[in-house]
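Any value given below was found using the heavy atoms of this structure, including those in side chains, with hydrogens, waters and symmetry copies removed. The first residue in the sequence is number 1, and the count goes up from there.
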Amino acid sequence: MERRGWSGRECSGSALLDPDVEAVVTVGRSGTGIKDAKLREIVRPNLMDYADIEPQLRGFDACFFCLGVTSTGMAQANYERVTYGITLAAAETLARLNPGMTFVYVSGTGTDSTEQGRVMWARVKGKTENALLRLPFKAAYMFRPGAIEAAHGERSKTASYRVAYTLVKPLLPLLRRLFPYSILTTEEIGRAMINVAKSGAPKKILEISDIRECAKAPAS
């Protein structure tokens, strides 16, 4: 399942609540709307070049990369420019500035690691994952969630997702009973990110069940 539009609000929320996290910086084209003493937001239109803000990107232990767009109606070149191009522009900069960093990338279940399949978004996500895993980070982990349930009122930035979630929300309790291993909450993903950043994980590519287990694990 393609993941897109999962914003800085969801990515930063769990980090802000964790007492071991001293500071959180978000980078994006818009703010998160969160007010917190630990949070600093960098809003900029250009997400392909970070040369002018490199001093502000040093000294971090982890990056939770949650940016994404829907591939619906997009040519492969345009989708790849955002999904691969923007991700690698940020990751390459961070790997150079913070070689001791753990990088967590929110991808999606069904991603094609071979880069050879028929589904365009899955090939591009696979290419992105593979490139990230080659970078000289301390560690890099690829999160592949499926359906995501908002735990604390989070809203996707993708309009079609907001409409779909509104329609499906009344059925979520039933869907959770029918498909208990297919749905994760934003809280579970956030906790898993924090735990993986602190303690690592047994594998580099984490599917839905792996993410759920990492969310349960106590962070050391």
Side-chain angles (χ1 to χ4, degrees), residues 1-22 24 60-68 83 87 91 94 98 100-114 117 119 121-122 125-135 137-154 156 161 165 168-169 171-220:
M1 179 181 292
E2 181 185 13
R3 296 261 43 89
R4 61 257 195 180
W6 212 65
S7 74
R9 181 182 179 88
E10 294 92 336
C11 285
S12 60
S14 294
L16 291 171
L17 293 172
D18 191 289
D20 293 332
V21 176
E22 298 176 359
V24 175
F60 290 94
D61 299 307
C63 173
F64 301 157
F65 198 93
C66 308
L67 181 149
T83 300
T87 304
L94 291 172
N98 304 281
M101 173 178 278
T102 295
F103 191 95
V104 179
Y105 175 62
V106 179
S107 183
T109 187
T111 292
D112 178 13
S113 295
T114 72
V119 180
W121 75 260
K125 285 282 192 181
K127 178 180 178 180
T128 305
E129 286 188 352
N130 292 337
L132 291 172
L133 290 170
R134 290 192 294 266
L135 291 178
F137 286 112
K138 173 186 174 182
Y141 299 97
M142 310 296 112
F143 274 39
R144 292 182 176 182
I148 299 177
E149 178 184 355
H152 301 293
E154 301 92 346
S156 172
Y161 262 36
Y165 185 78
V168 172
K169 186 177 180 179
L171 301 176
L172 282 174
L174 175 62
L175 293 175
R176 272 195 164 276
R177 289 196 295 271
L178 293 176
F179 308 103
Y181 302 108
S182 300
I183 301 174
L184 292 166
T185 67
T186 52
E187 183 175 355
E188 285 176 313
I189 296 172
R191 285 202 311 266
M193 286 179 160
I194 292 290
N195 290 340
V196 166
K198 290 183 177 182
S199 306
K203 58 180 72 172
K204 298 298 184 183
I205 296 177
L206 304 173
E207 301 289 351
I208 297 169
S209 60
D210 304 312
I211 297 170
R212 183 172 286 111
E213 286 304 310
C214 287
K216 295 177 184 176
S220 58

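With rounding to the nearest 0.5 angstrom, the OG1 atom of Thr109 is 14.0 Å from the CZ atom of Phe143. Going from atom OG1 of Thr87 over to atom NZ of Lys125 covers 7.0 Å, rounded to the nearest 0.5 Å. Note that CZ of Arg212 and CD1 of Ile189 are 10.0 Å apart. Values are rounded to the nearest 0.5 Å. The CD atom of Glu129 lies 4.5 Å from the OG1 atom of Thr111; values are rounded to the nearest 0.5 Å. One distance of note links CE of Met142 with OG of Ser107; it measures 8.0 Å at 0.5 Å rounding.
A salt bridge links Glu213 with Lys216; the closest basic N to acidic carboxylate O contact falls under 4.0 Å. A salt bridge links Arg191 with Glu187: at least one charged nitrogen is closer than 4.0 Å to a carboxylate oxygen.
Within the 4.5 Å cutoff, no side-chain heavy atoms of Val119 are placed close to those of Asp112. Side-chain contact between Ile194 and Phe64 is present, with heavy atoms from C-beta onward closer than 4.5 Å. Taking 4.5 Å as the limit, some side-chain heavy atom of Asp18 sits within range of a side-chain heavy atom of Lys198. Between Leu135 and Phe103, every side-chain heavy-atom pair lies at or beyond the 4.5 Å cut-off. In this structure, the side chains of Trp121 and Thr83 stay at 4.5 Å or more apart for every pair of heavy atoms.
Within 6.0 Å of the NZ atom in Lys204, the count of heavy atoms belonging to other residues, nucleotides or ligands exceeds 12.
Checking Cys63, Cys214, Cys66 one by one against Met193, the side-chain contact (heavy atoms from CB on, under 4.5 Å) holds for a single residue, Cys66.
Nearest heavy-atom pair across Ala215 and Asn195 is O-ND2, 3.5 Å. The two residues Ile148 and Thr185 make their nearest non-hydrogen contact at CG2-C, 4.4 Å. Across every non-hydrogen atom of Leu132 and Ala91, the tightest pair is CD2-CB, 3.4 Å. Here the closest heavy-atom approach between residue Gly190 and residue Ser14 is recorded as CA-OG, 3.3 Å. Contact between Ser113 and Arg144 at its shortest, heavy atoms only, is OG-NH2, 2.8 Å. Leu184 and Pro145 make their closest contact through CD1-CB, 4.0 Å (heavy atoms, listed as atom of the first residue, atom of the second, distance).
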What do the steps show when you test Phe137 against Leu94 for side-chain contact (heavy atoms from CB on, under 4.5 Å), and what is the final call?
CA-CA 9 Å; Phe137 286 112; Leu94 291 172; 4.2 Å; yes

I'd like to know whether Val196 forms a side-chain contact (heavy atoms from CB on, under 4.5 Å) with Leu206, so could you lay out the CA-CA distance, the side-chain angles of the two residues, the decisive distance to 0.1 Å, and finally the verdict.
CA-CA 10 Å; Val196 166; Leu206 304 173; 4.2 Å; yes

